[in-house]
Amino acid sequence: MRIATWNINSVRLRLPLLTGVRDALAPDVICLQETKTPDEFFPLEGIKALGYPHVAMRGMKGYNGVAIFSRHPFTVLPDTPDWCLKGDCRHLGVMLDAPGGPIELHNFYIPAGGDIPDRLVNVKFAHKLDFLAEATEWSVANAAAPRRVLVGDLNIAPLEHDVWSHKELLKVVSHTPIEVEALNRWMQKGAWYDAMRHFVPAEEKLYTWWSYRAQDWAASNRGRRLDHVWVSPDLAPALKGMQVLREARGWEKASDHVPVMVELG
DNA sequence: ATGGTAGATCCTCTA
């Protein structure tokens, strides 16, 4: 079972790139963030033509938006929270009909949080912290459940080597101590295990995002690991492989995020 | 300290 996650930054604009993702990673399931598309304009037939007959999406006009598509059947989980009561499309949960038993899969797009890391002067940062607090409590209630997977653009790079310079990014939103603490608290309280770092030691650099604003993203290589795959502890022994599709950052009309794939056996 | 790019769009907001 291969599960991929990718912040596609407009599913309509980058639909053709999904062929490359499919061919490179052969995922059974693909979770997208920032689809930026209301459901009535979602390219449903294009996704199905890639070989993913089972599709669910939760989109809105202009911003946000998540989608899950799969070779295996699934049912969309009802009663997902209205996070921070904003009506945003930032979360989609499904129960996957997987070999070896059902998998509860959650796809998240966490608020980026704006530029100033102070909740008193920046409502976007307050929203990010509030969202993380709500997500923590939501995970606590379900922490004992088996066969859980959580993926998505969490917009936080928690480890020192999840960013190109720990020192220079300590005051930059995505790597501030208050965000890192909130993310770690979510992981601990929800009994989540970092599936990417299972394969790459904490001392090694690991990025999934490179800014559009760099003149040469590959040469400067100022990346961050903003995208994550977490699994429940019972699935940790089933982890068979992980791949970050770095080359996708160099494709024509690339997203600023690259796909991440985890294989469970 | 600053500004750089990209996408969708109620040409400004979001990242």
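All heavy atoms count here, side chains included; hydrogens, waters and symmetry mates do not. Lettering of chains follows the sequences in order, A, B, ..., and the numbering in each one begins at 1.
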Under 6.0 Å between ring centres, would you say that holds for A:His91 and A:Trp138? yes

Please work out if [X] contacts a base, only the sugar-phosphate, or nothing of the nucleic acid, heavy-atom cut-off 4.0 Å.
| X | answer |
| --- | --- |
| A:Arg224 | nothing |
| A:Phe41 | nothing |
| A:Arg222 | nothing |

With rounding to the closest Å, how many angstrom separate the [atom1] atoms on [N] and [M]?
| N | M | atom1 | result |
| --- | --- | --- | --- |
| B:dA15 | B:dT9 | P | 15 Å |
| B:dG7 | B:dG3 | P | 22 Å |
| B:dA6 | B:dT2 | P | 23 Å |

For A:Ala112 and for A:Lys36, locate the closest nucleotide of DNA chain B by heavy-atom distance; then report the residue assigned to the nucleotide nearer the 5' terminus.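 Its nucleotide being nearer the 5' end, the pick is A:Lys36.
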
Map A:Arg14 and A:Gly113 onto DNA chain B by nearest heavy atom, then report which one ends up closer to the 5' terminus.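 Its nucleotide being nearer the 5' end, the pick is A:Arg14.
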
Rounding to an integer number of Å, can you tell me how far [X] [atom1] sits from [N] [atom2]?
| X | N | atom1 | atom2 | value |
| --- | --- | --- | --- | --- |
| A:Glu34 | B:dC13 | CD | P | 17 Å |
| A:Ile8 | B:dA6 | CD1 | C1' | 15 Å |
| A:Asn64 | B:dT9 | CG | C1' | 15 Å |
| A:Arg213 | B:dT5 | CZ | C1' | 7 Å |
| A:Asn7 | B:dA6 | CG | C1' | 12 Å |
| A:Asn122 | B:dA15 | CG | P | 10 Å |
| A:Tyr63 | B:dT12 | OH | P | 12 Å |
| A:Met60 | B:dT14 | CE | P | 11 Å |

If the glycosidic angle is within 90 degrees of 0 it's syn, otherwise anti, so just tell me which one B:dC11 is.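 For B:dC11, whose glycosidic angle is more than 90° from 0, the conformation is anti.
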
By nearest atom, which of the nucleotides B:dT9, B:dG7, B:dT5 is closest to the A:Leu13 side chain? B:dG7

In terms of ring plane angle, is the pair A:Tyr207 and A:Trp210 parallel, tilted or perpendicular, where the classes change at 30° and 60°?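 Aromatic pair A:Tyr207/A:Trp210 classed perpendicular.
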
Can you find an N or O donor on one side and an acceptor on the other, under 3.5 Å apart, linking the side chain of A:Arg12 with the base of B:dA8?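 It does not, because no donor-acceptor pair links the side chain of A:Arg12 to the base of B:dA8 below 3.5 Å.
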
Find out whether the Lys NZ or Arg CZ of A:Arg90 is both under 6.0 angstrom from the six-membered ring centre of A:Trp83 and within 45° of the ring's axis.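 That pair does not qualify as a cation-pi contact.
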
Give a yes or no on whether A:Leu170 and A:Ile156 share a hydrophobic cluster (residues Ile, Leu, Val, Met, Phe, Trp, Tyr; joining criterion: side-chain heavy atoms under 4.5 Å apart).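 No, no single cluster joins them.
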
Whether A:Lys61 contacts B:dT9 is assessed here as follows: a side-chain N or O lying under 4.0 Å from the phosphate OP1 or OP2. Is that the case?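 Answer no for this pair, as no side-chain N or O of A:Lys61 is under 4.0 Å from OP1 or OP2.
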
Pair A:Arg119 + A:Asp130, salt bridge at N-O below 4.0 Å: yes

